[in-house]
Amino acid sequence: MTAKEIIIALTIHLLIPLMGFIYFLSIKKRMKNENVVDAPTVELFIIFATYGGLILVLLTNIFWLWSGLASLGTFYLILFAPFVMIWIAYQQRKIKMNSKYHNWTYLSALFYFAIAPIAFLVLSSGI
């Protein structure tokens, strides 16, 4: 493996997920500092994991070698994530005005249905 391949692999599979997790933790801390009632922590974690998986699958397709794990991620994103995201949006619809975090959670869950198809078009085009 060349140095370039090692850097690509570490960026895709370690650095990007770590950055996403750190950002999630910072949002969680902000919600705690702002005393958000019934903070959507679990929902936000699921949303971060889903969008993070989408980013990882895209980057793997573009810059790295396809693997069984990428196939499992794609399987989740196509077959299960739409149901999970619609469930989150359904839960948040009545409480989306509680805080900006509730509203962002609601919108992030809904936007999956616009963003994911575009991502899968990019995947299928073989870029």
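The shown structure was predicted, so the numbers you read here are calculated from the model rather than taken from an experiment.
Residues I6 and L69 are members of separate hydrophobic clusters, defined by side-chain heavy-atom contacts under 4.5 angstrom among Ile, Leu, Val, Met, Phe, Trp and Tyr. I22 and L14 fall into different hydrophobic clusters, defined by Ile, Leu, Val, Met, Phe, Trp and Tyr side-chain heavy atoms under 4.5 Å apart, directly or through other members. The hydrophobic cluster containing I78 also contains F80, counting ILVMFWY residues as joined when their side-chain heavy atoms lie under 4.5 angstrom apart, directly or transitively. There is no path of hydrophobic side-chain contacts, each under 4.5 Å, that joins I95 to V42. In the hydrophobic clustering of this structure, I16 does not group with L72; members are Ile, Leu, Val, Met, Phe, Trp, Tyr whose side-chain heavy atoms approach within less than 4.5 Å, directly or through other members.
The distance from the CD1 atom of I47 to the CZ atom of F111 is 11.5 Å, given to the nearest 0.5 Å. To the nearest 0.5 Å, the span separating CG on L123 from CD1 on I118 amounts to 12.5 Å. For the atom pair CG (L65) and CD (E5), the distance works out to 7.5 Å, reported to the nearest 0.5 Å. Rounding to the nearest 0.5 Å gives a distance of 13.0 Å between CD1 of I8 and CG of L15. Interatomic distance, T2 OG1 to I7 CD1, rounded to the nearest 0.5 Å: 8.5 Å. Going from atom NZ of K28 over to atom CG of N33 covers 12.0 Å, rounded to the nearest 0.5 Å.
More than 12 heavy atoms of other residues, nucleotides or ligands shown are found within 6.0 angstrom of CZ on F113.
Counting only N and O atoms by type, the side chains of H102 and S99 include a donor and acceptor under 3.5 Å apart.
Through direct or indirect side-chain contacts shorter than 4.5 Å among Ile, Leu, Val, Met, Phe, Trp and Tyr, L25 is connected to F21, Y23, F24, I27, M31, V36, L44, F45, F48, Y101, W104.
Minimum interatomic distance between L77 and P82 (heavy atoms only, all atoms of both residues): O-CD, 3.4 Å. Considering every non-hydrogen atom in both A89 and L110, the closest pair reads CB-CD2, 3.9 Å. A pairwise comparison of heavy atoms in V57 and A70 identifies CG2-O, 4.1 Å as the closest pair.
For the pair F120/T74, a side-chain contact is recorded, criterion being any heavy-atom separation below 4.5 Å from C-beta on. No side-chain heavy atom of Q92 sits under 4.5 Å from any side-chain heavy atom of L107. Under the 4.5 Å side-chain criterion, counting only non-hydrogen atoms from C-beta, K100 is not in contact with R30. Inter-residue side-chain proximity for Y112 and I88 is flagged as unmet; no heavy-atom pair is nearer than 4.5 Å. The side-chain heavy atoms of N98 and V37, taken from C-beta on, include no pair separated by under 4.5 Å.
Between the side chain of Y51 and the main chain of S108, a donor-acceptor pair closer than 3.5 Å is present.
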Exercise for review: Tell me, with the steps shown, if Y76 and T50 meet side-chain contact (heavy atoms from CB on, under 4.5 Å).
Suggested key: CA-CA 9 Å; Y76 163 75; T50 300; 2.8 Å; yes
